[in-house]
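Here the structure is laid out as structure tokens; the discussion comes afterwards.
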Amino acid sequence: MKCGELTKLLITARWFYESDVVITGMTNDSRKVVPGDLFVCLHGYRVDGHQFVQEAIEHGAVAIVTEKLLDITIPQLLVNDSVRAMAMIATYYYDYPLEKLSLIGVTGTNGKTTTTYLLERLLEFAEKRTGVIGTIEMRYADKKFPMLQTTPHSLELQHFFANMRDEQIDYCVMEVSSHALEQGRVLGCSFRTAIFTNLTQDHLDYHQTMSRYEAAKGLIFSRLGNRFYRDEQQRSYAVLNADDQVAKRYAASTAVEVVTYGIENKADVRATNIQISHHGSRFMLHSFRGSCLIELPLAGKFNIYNALAAITAALLENISLETIRDALADLCGVPGRVEKVESNQKFSVYIDYAHTPDGLQNVLYAVREITDGKLITVFGCGGERDRSKRPLMGKIAATLSDHVIVTSDNPRSEDPALIMKEIEQGIESLQLLHKQHQLISDRREAIKKAIEMAGPSDVVLIAGKGHETYQLIDGVSHPFDDRIVAKEAIRGL
Ligand SMILES: CC(=O)N[C@H]1[C@@H](OP(=O)(O)OP(=O)(O)OC[C@H]2O[C@@H](n3ccc(=O)[nH]c3=O)[C@H](O)[C@@H]2O)O[C@H](CO)[C@@H](O)[C@@H]1O[C@H](C)C(=O)N[C@@H](C)C(=O)N[C@H](CCC(=O)O)C(=O)O
Ligand SMILES: Nc1ncnc2c1ncn2[C@@H]1O[C@H](COP(=O)(O)OP(=O)(O)OP(=O)(O)O)[C@@H](O)[C@H]1O
Ligand SMILES: N[C@H](CCC[C@H](N)C(=O)O)C(=O)O
Ligand SMILES: [Mg+2]
């Protein structure tokens, strides 16, 4: 791409020291610049990207996108808004990948990763080549790449979409975080369908209030296309959870057709006659394409909601009820979500990624149904994340478990002892005289203790880290996998 091409793309932008230099890559991180790159300066929360221009030039940047005129001698494109400019340039640079790839976005506090896995399964079963971008990884066509963020920035996204398009992938199913929506990471992402799972407390460190958090997530629906199309393939849909009160407001904000799913309230896609067992659930599915019996081998009522969300999006892609039924029947679980750890022990051990009050409550209800014995819960709360959820999670864990061991979960730059104290405040507010809890900062020790305490038919739930394979302490990532540590503890009995 030549510098001059961008003048046609961005009407309000102006080149300074324009030349016909060729741009062979682009990045917004000076540490990743390679010769030939266009460096885009973004204002961050911690630092201003404009201050890394010299470093970018030293690494070989050949042009800069900036919001202020810089004292440099290489071409610079002066723009009003570098976040928007970056999304537009990236889309142009990668040659509009979404023209050939259908994008389905999933937002909500809990259930995004699970819903993307379920929808991937349904689409693949219907022989649609499907890629996924989310918390665990980015994957398509047997390739897998670990992710640093649930939803990356526009530049990386367009690059991923281009790779998927080049491999003839039909659909990309993507988790869309509230941070991403607010920071403009998904500008340029034209969603075929946007799915809402639920909204409960999380990320108040970042959004400050629930109404701002709700508004951030709502952007995905209010930005869906405003034009009506003759061709069904070009239409967009908002798939909303009818049992979440926020859905009505999201419905009011979108111009596209709203399709609802749910259990309690009237919905376009609904589960009735629900029977929940140890291994999963069975329910009657009623939809705008007919009804059928579904066997879902995933524990917990919340997973019926995730399944309904995925089923609704699949039905909108004209996937038949029979295909959906067969695809779900022999589904494997999602890594780190109510994942069973088996090492020939006489009690059950589950790993789960619950890291919000609602997530923890839901998974505790689900595992409670699995046991007649004691329920021992090990969990912590992340550092540099919503502090106000800590006592709430403490309260929920203590109410719904027989014994709680509070431990560390990615303390980051915070003191783990103080995080545990904040969780403990919630436990102590209950004044449960007949129950005890412990604080064990070392997660390995905490897991070992829980496993030593468990008797036959008891359940140990290790929550918060799910699939994660690290513990983040003071900027250092230490290898740590709850599944491995739990197995080691079982073997040591
Ligand atoms: C709060 C938040 O979202 N922060 C994100 C944000 O960071 P920031 O604004 O602080 O960026 P910054 O460090 O100030 O840097 C500003 C600019 O300077 C550039 N820079 C910076 C340093 C340098 O040496 N050179 C350089 O060029 C950066 O690349 C950036 O373009 O922009 C960075 C670059 O895109 C992200 O890495 C960073 O995510 C941090 C790591 C993070 O923890 N984010 C979490 C909260 C997050 O986004 N989570 C959601 C999931 C939530 C959910 O699951 O519900 C997610 O989508 O992952
Ligand atoms: N629909 C749901 N409602 C409430 N809780 C849920 C739901 N689905 C999953 N959970 C709980 O939340 C945890 C995280 O699930 P999942 O990873 O699917 O959510 P997510 O929205 O992708 O989370 P993240 O914000 O970290 O990306 C699960 O391990 C489970 O305990
Ligand atoms: N996407 C979530 C993940 C939290 C996982 C938990 N293990 C933690 O580190 O707090 C977040 O960024 O808040
Ligand atoms: Mg996720």
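Atoms within each ligand, like the ligands themselves, are counted from 1 in listed order. Values below: every heavy atom of this structure, side chains too, minus hydrogens, waters and symmetry copies.
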Nearest protein heavy atom under 4.0 Å from atom 23 (C) of ligand 1, yes or no: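 Under the 4.0 Å cut-off, atom 23 (C) of ligand 1 does have protein heavy-atom neighbours.
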Heavy atom of protein closer than 4.0 angstrom to atom 38 (C) of ligand 1: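 At least one protein heavy atom is under 4.0 Å away.
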Minimum heavy-atom distance Y94-L155, with the two atoms named: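 Scanning both residues completely, I find the closest heavy atoms to be CE1-O, 3.9 Å.
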L98 to C189 - nearest heavy-atom pair and separation: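 So the minimum-distance heavy-atom pair works out to CD1-CA, 3.8 Å.
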Ligand 1 contact by Q51, heavy-atom criterion under 4.0 angstrom: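 Q51: no contact with ligand 1 (<4.0 Å).
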Any K112 heavy atom less than 4.0 Å from ligand 1: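 K112: in contact with ligand 1 (<4.0 Å).
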Min side-chain heavy-atom separation T130-Y140 under 4.5 Å: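 In short, these two side chains do not touch, never coming nearer than 4.5 Å.
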Near ligand 3, at a heavy-atom separation below 4.0 Å: residues by chain and residue number: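 Lining ligand 3 at under 4.0 Å, by heavy atoms, one finds H203, Y353, H355, G382, R385, D409, N410, R412, G464, E468.
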Salt bridge present between [X] and [Y] (N-O < 4.0 angstrom):
X	Y	result
E120	R139	yes
D481	R483	yes
R368	D402	yes
D482	R443	yes

Near [X], which atoms of ligand 1 are under 4.0 Å from a heavy atom of that residue?
X	value
F39	27 (O)
S30	23 (C), 24 (O), 25 (N), 26 (C), 27 (O)
D29	25 (N), 26 (C), 27 (O), 29 (O)

If you have a sec, work out which protein heavy atom is nearest [atom] and how many Å separate them, to one decimal?
atom	answer
atom 8 (P) of ligand 1	Y45 N, 3.4 Å
atom 14 (O) of ligand 1	V47 N, 2.8 Å
atom 45 (C) of ligand 1	R385 NH2, 4.0 Å
atom 58 (O) of ligand 1	T150 N, 2.7 Å
atom 29 (O) of ligand 1	N28 O, 3.0 Å
atom 44 (N) of ligand 1	Q149 NE2, 3.7 Å
atom 57 (O) of ligand 1	S177 OG, 2.7 Å
atom 53 (C) of ligand 1	H203 NE2, 3.4 Å

Shortest heavy-atom approach to atom 50 (C) of ligand 1 - which of E384, E55, H179, R412: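 Of the listed residues, H179 has the closest heavy atom.
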Closest to atom 3 (O) of ligand 1 (judged by heavy-atom distance), picking from E175, Q183, M86: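 Selected option, by shortest heavy-atom distance: Q183.
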Close aromatic pair by centroid cut-off 6.0 Å: Y206 and Y45: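 Ring-ring flag for Y206/Y45: true, centres closer than 6.0 Å.
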Residues in contact with ligand 2, criterion: heavy atom under 4.0 Å: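 Within 4.0 Å of ligand 2, the protein residues are T109, N110, G111, K112, T113, T114, T135, T150, E175, N198, F302, N306, R337, D352, Y353, A354, H355, D358, G359, N362, V363.
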Atom pair CD1 (I104) and CG (L119), whose distance is rounded to the nearest 0.5 Å: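 So the CD1 of I104 and the CG of L119 are separated by 5.0 Å.
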Geometric class of the H179/H207 ring pair [parallel <30°, tilted 30-60°, perpendicular >60°]: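 Because their plane-to-plane angle lies in the 30° to 60° range, the rings of H207 and H179 count as tilted.
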Atom [atom1] of [X]: over 12 foreign heavy atoms under 6.0 Å:
X	atom1	result
D330	CG	yes
Q245	CD	no
H279	NE2	no
R84	CZ	no

Hey, are [Y] and [X] close enough side-chain-wise for a donor-acceptor pair under 3.5 Å?
X	Y	result
S388	D386	yes
T135	T113	yes
Q183	H153	no

Passing option when F196 is tested against F191, Y305, Y250, Y237 for ring pair (Phe, Tyr, Trp, His ring centres under 6.0 Å):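 Result: among F191, Y305, Y250, Y237, Y250 is the only option passing the ring pair (Phe, Tyr, Trp, His ring centres under 6.0 Å) with F196.
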Donor-acceptor contact below 3.5 Å, side chain E67 vs main chain S82: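 A pair under 3.5 Å: yes.
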Side chain, backbone, both or neither: the part of Y213 lying under 4.0 Å from ligand 1 by heavy atom: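 Contact part for Y213 vs ligand 1: neither.
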Any N/O pair H153/ligand 1 closer than 3.5 Å: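 No, H153 has no N/O under 3.5 Å of an N/O on ligand 1.
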Polar contact flag for D48 and ligand 1 (N/O pairs, less than 3.5 Å):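 In this structure, D48 places no N or O atom under 3.5 Å from an N or O of ligand 1.
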